[in-house]
Amino acid sequence: MYGLVNKAIQDMVCSRFGEETWKKIKHTAEVDEDVFLSMEGYPDDITHKLVKAASVVLSLPASQIMQAFGEFWVQYTAQEGYGEMMDMSGDTLPEFLENLDNLHAHVGVSFPKLQPPSFECSDIEENSLSLHYRSNREGLTPMILGLVKGLGSKFDTEVYITQTQSRDEGAEHDEFLVIYKPN
Ligand SMILES: O=C(O)CCCCN(CCc1ccccc1OCc1ccc(-c2ccc(Oc3ccccc3)cc2)cc1)Cc1ccc(C(=O)O)cc1
């Protein structure tokens with residue numbers, strides 16, 4: 001995972017719980033990095049250890065941490081210089097979701113170590129669609145719930161998302177029903 005992800009976790013924890021809590025989380029995770037370089041590639045395990053340690057230190061379920069992080073990621077990347085790229089990826093929530101693979105392909109051209117998941121939309125109706133999420137990473141599914149919620153805020157759109165298929169329960173990939181209503 002690029003360091004931008006770990007840096008975003010650090011910024012979310014520091015902004016909401018302070019520097020001391022972040023130090024405790026890094027210590028619990030046994031992660032020694034003082035600074036995460038956005039454009040450096042880090043083992044995925046570091047991200048998983050940080051989420052697990054945050055769950056212990058904050059006494060919150062890891063799924064809740066990942067969901068909050070997904071929501072935070074959308075605004076964080078916009079303020080960290082990817083706002084224009086995100087704005088070019090669609091004017092509405094369904095459009096953005098349909099263009100997500102293109103967005104990742106665009107980033108991947110400049111940053112070849114990117115290992116993006118794949119998102120596909122099907123059964124697209126006026127106010128709903130099915131979102132298919134395929135990834136070679138494990139355990140980040142709750143982040144997708146937060147990412148879509150974050151897109152709801154970005155597009156001032158009420159969004160309801162529920163998982164309808166789960167890889168953990170034997171499905172080939174995770175699938176979500178996304179219902180949206182622009183305000
Ligand atoms: O792998 C999984 O199964 C779940 C990963 C979910 C995280 N993605 C979120 C995708 C997303 C979904 C909804 C809305 C917005 C989303 O992201 C927009 C986005 C995607 C990628 C970047 C990005 C930009 C630069 C990166 O790397 C840098 C950073 C600074 C300098 C050089 C390279 C890494 C990711 C920025 C915004 C983004 C992503 C972040 C990092 C990686 C990666 O390091 O492989 C792959 C994907």
Side-chain angles (χ1 to χ4, degrees), residues 1-12 31 33 35-52 54 62-121 124 129-157 159-161 163 165-168 171-178 180:
M1 206 81 106
Y2 270 100
L4 184 68
V5 172
N6 298 328
K7 204 163 158 288
I9 295 174
Q10 174 173 358
D11 284 17
M12 180 176 79
V31 167
E33 270 78 2
V35 169
F36 288 110
L37 299 174
S38 292
M39 63 196 323
E40 192 61 42
Y42 293 84
D44 288 0
D45 189 41
I46 288 191
T47 306
H48 286 112
K49 286 196 295 188
L50 287 171
V51 169
K52 196 163 173 305
S63 58
Q64 195 177 319
I65 305 252
M66 277 189 274
Q67 191 166 324
F69 177 65
E71 214 160 336
F72 182 80
W73 174 261
V74 175
Q75 79 198 39
Y76 179 78
T77 45
Q79 75 192 34
E80 285 296 305
Y82 299 95
E84 237 171 88
M85 176 190 74
M86 308 251 287
D87 291 347
M88 288 188 311
S89 297
D91 298 329
T92 64
L93 185 139
E95 251 181 54
F96 187 96
L97 289 174
E98 287 196 87
N99 286 325
L100 205 37
D101 281 10
N102 295 337
L103 181 155
H104 279 129
H106 179 78
V107 173
V109 165
S110 318
F111 308 120
K113 279 189 268 182
L114 197 78
Q115 291 172 39
S118 135
F119 291 94
E120 190 198 337
C121 298
I124 303 174
L129 59 82
S130 285
L131 180 66
H132 306 258
Y133 160 63
R134 294 176 174 85
S135 175
N136 56 22
R137 296 192 172 97
E138 300 280 328
L140 294 176
T141 301
M143 189 178 166
I144 309 310
L145 297 171
L147 286 160
V148 172
K149 287 209 169 110
L151 291 175
S153 310
K154 172 179 168 58
F155 293 110
D156 190 19
T157 296
V159 64
Y160 168 81
I161 175 169
Q163 189 165 356
Q165 284 204 6
S166 166
R167 202 168 47 169
D168 295 348
E172 189 262 331
H173 61 273
D174 291 333
E175 201 176 307
F176 303 89
L177 169 65
V178 182
Y180 43 87

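As the structure lists them, so they are numbered: ligands from 1, and atoms in each ligand from 1. Nothing fancy with the numbering, it's 1 onward along the sequence.
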Under 30°, 30 to 60°, or over 60°: which ring-plane class applies to W73 and F69, parallel, tilted or perpendicular?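 Geometry flag for F69 against W73: tilted rings.
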Fit a plane to each ring of F111 and Y2, take the angle between them on a 0 to 90° scale, and name the class: parallel (under 30°), tilted (30 to 60°) or perpendicular (over 60°).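 Perpendicular.
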Report, in ascending order of atom number, the atoms of ligand 1 lying under 4.0 Å from any heavy atom of [X].
X	value
Y133	2 (C), 3 (O), 4 (C)
M86	18 (C)
L103	18 (C), 19 (C), 20 (C)
S135	1 (O), 2 (C), 3 (O)
P117	1 (O), 2 (C), 3 (O), 4 (C), 47 (C)
T77	36 (C), 37 (C)
V5	40 (C), 41 (C)

Using a 6.0 Å cut-off, check whether atom [atom1] of [X] has over 12 heavy atoms from anything other than its own residue.
X	atom1	value
K52	NZ	no
Q79	CD	yes
H106	NE2	no

Which option wins on minimum heavy-atom distance to atom 25 (C) of ligand 1: Y2, Y42, F96, Y82?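 Selected option, by shortest heavy-atom distance: Y82.
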So between H104, K154, E138, whose heavy atom ends up nearest atom 21 (C) of ligand 1?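 Looking at heavy atoms only, the winner is H104.
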Kindly indicate whether the side chain of [X], heavy atoms from C-beta on, has any atom under 4.5 Å from the side chain of [Y].
X	Y	value
L129	Y180	yes
V148	F176	no
K113	E40	yes

Test side-chain contact (heavy atoms from CB on, under 4.5 Å) on L140 and Y133 and set out the steps. CA-CA 10 Å; L140 294 176; Y133 160 63; 3.9 Å; yes
Would F36 and L50 count as a side-chain contact (heavy atoms from CB on, under 4.5 Å) if you check the C-alpha gap in whole Å, the side-chain angles of each, and the deciding distance to 0.1 Å? CA-CA 12 Å; F36 288 110; L50 287 171; 3.9 Å; yes
Which heavy atom of the protein is the closest neighbour of [atom], given with residue, atom name and distance?
atom	result
atom 31 (C) of ligand 1	M39 CB, 3.2 Å
atom 45 (O) of ligand 1	Q115 N, 2.7 Å
atom 7 (C) of ligand 1	M143 CE, 3.7 Å
atom 34 (C) of ligand 1	L114 CD1, 3.7 Å
atom 16 (C) of ligand 1	W73 NE1, 3.7 Å

Applying a 4.0 Å heavy-atom criterion (strictly less than), which segment of L100 is in contact with ligand 1: side chain, backbone, both, or neither?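 Within the 4.0 Å criterion, L100 contacts ligand 1 through side-chain atoms alone.
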I need the contact type for F111 against ligand 1. Using non-hydrogen atoms and a strict under-4.0 Å cut-off, is it side chain, backbone, both or neither?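 For F111, only side-chain atoms sit under 4.0 Å from ligand 1.
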For the residue pair R137 and Q115, what are the closest heavy atoms and their distance?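 So the minimum-distance heavy-atom pair works out to NH1-O, 3.0 Å.
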For ligand 1, is E80 a contact, meaning one of its heavy atoms is under 4.0 Å away?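 No heavy atom of E80 comes that close to ligand 1.
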Please confirm whether R137 comes within less than 3.5 Å of ligand 1 when only nitrogen or oxygen atoms on both sides are compared.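 Between R137 and ligand 1, an N or O pair is found under 3.5 Å apart.
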